[in-house]
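One structure below.
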Amino acid sequence: NREAPMSEETQGQPTGPEPDDRKNGAAEAAAKRPARTFLVVVDGTPEMQIALRYACRRAKDTHGRVALLHVIETGEVQQWAAVEDMIRAERREEAEQMMHKLARSVQAETGGMAVLHVREGSPRDELLKLIGSEENFSILVLAAAAGSDGPGPLVSFLLDKGLSRLSIPVAIIPGGLSEADIDLLS
């Protein structure tokens, strides 16, 4: 391979790809990376809406996705299995309706479909199991309660003992932020 001689006009100039080629290369590299997935725990609290807005904004800005987890808490064992089955079915139907409503909101906000997870059990146990079984999550997004009762049970658990059991980072958004504040952050 012989190099072409440089003319006086090109000596000292970079001989690499043109700037547009570099941009295209960066875009191709970004397209090959898996999309970031922001996991939000859906628990019906006011602060959950804050976490969801933050996750949607970040997903939209990074061409990522939002995943929603709702855990149907299981109660004490009932004496009548038929009654327990009926209550479980009602809770599941309510959870699915709520999740589909939130999924429509996520799609309106991000332009992409949300990944939905509905589980039964303890919220913290099911959260840990889900994160442990899925490699697609990039970050867990939670919001701390704004009241004087503390940040909420899940945030308290994670800050106390649970954080070391996670394989992804956690973003805890202050529960008192306005939509405008969230938009500035994300």
Side-chain angles (χ1 to χ4, degrees), residues 16-72 92 94-144 151-152 154-155 157-159 162-175 177-186:
E18 294 297 317
D20 286 342
D21 292 341
R22 282 187 287 239
K23 287 179 188 175
N24 289 341
E28 286 175 16
K32 290 179 183 177
R33 283 192 305 254
R36 295 181 74 189
T37 301
F38 298 84
L39 176 61
V40 177
V41 177
V42 175
D43 60 5
T45 61
E47 59 268 16
M48 183 273 305
Q49 292 293 335
I50 292 168
L52 183 60
R53 178 152 182 102
Y54 178 84
C56 286
R57 298 288 299 197
R58 294 292 300 140
K60 183 176 182 180
D61 290 346
T62 62
H63 307 287
R65 302 180 74 178
V66 174
L68 304 174
L69 167 65
H70 178 70
V71 180
I72 302 166
R92 180 118 191 142
E94 289 171 3
E96 288 175 0
Q97 288 175 1
M98 175 180 54
M99 294 291 275
H100 286 292
K101 180 179 177 184
L102 290 172
R104 287 189 296 274
S105 173
V106 167
Q107 186 172 19
E109 182 86 23
T110 68
M113 292 298 298
V115 179
L116 306 178
H117 299 274
V118 177
R119 294 184 166 213
E120 291 184 9
S122 158
R124 68 182 185 194
D125 292 343
E126 294 303 318
L127 173 64
L128 293 173
K129 285 181 197 175
L130 179 63
I131 291 173
S133 68
E134 293 277 335
E135 295 180 9
N136 299 331
F137 301 127
S138 305
I139 189 165
L140 171 62
V141 181
L142 300 171
L154 196 52
V155 172
F157 165 72
L158 290 172
L159 292 176
L163 200 55
S164 64
R165 296 169 62 186
L166 293 178
S167 58
I168 59 172
V170 179
I172 301 174
I173 312 305
L177 295 180
S178 69
E179 286 187 6
D181 293 334
I182 294 166
D183 293 348
L184 286 173
L185 279 177
S186 56

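For this chain, numbers begin at 1 and follow the sequence in order.
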Worksheet, complete the sentence: Here the gap from E47 atom CD to L154 atom CG, rounded to the nearest 0.5 Å, amounts to 10.5 Å
Item to complete: Taking the side chain as every heavy atom from C-beta outward, state whether V66 and L52 have any atom pair closer than 4.5 Å.
Response: yes
Item to complete: State the CG-OG1 distance between D61 and T110, to the nearest 0.5 angstrom.
Response: 11.0 Å
Worksheet item: Has E179 got more than 12 heavy atoms of other residues, nucleotides or ligands less than 6.0 Å from its CD?
Response: no
Discussion item. If the condition is side-chain hydrogen bond (donor to acceptor under 3.5 Å, both in side chains), which residues does E126 pass it with, not counting sequence neighbours?
Written reply: R119, K129
Item to complete: Check whether any side-chain heavy atom of Y54 lies under 4.5 Å from a side-chain heavy atom of V40, and answer yes or no.
Response: no
Fill in: Stepwise side-chain contact (heavy atoms from CB on, under 4.5 Å) test for F38 and R57
CA-CA 10 Å; F38 298 84; R57 298 288 299 197; over 6 Å; no
Worksheet, complete the sentence: salt bridge (Lys or Arg N to Asp or Glu O under 4.0 Å) test vs E109 passes for just one of R53, K60, R58, R104, namely R53
Worksheet item: Would you say the side chain of L140 lies within less than 4.5 Å of the side chain of L127, judging by non-hydrogen atoms?
Response: yes
Worksheet entry | D181 side chain vs S178 backbone, donor-acceptor pair below 3.5 Å | yes
Fill in: Given V115, V41, L116, the one that forms side chain to side chain contact (heavy atoms under 4.5 Å, CB included) with L68
L116
Worksheet item: Testing I173, I50, L39 for side chain to side chain contact (heavy atoms under 4.5 Å, CB included) with V141, which one passes?
Response: I173
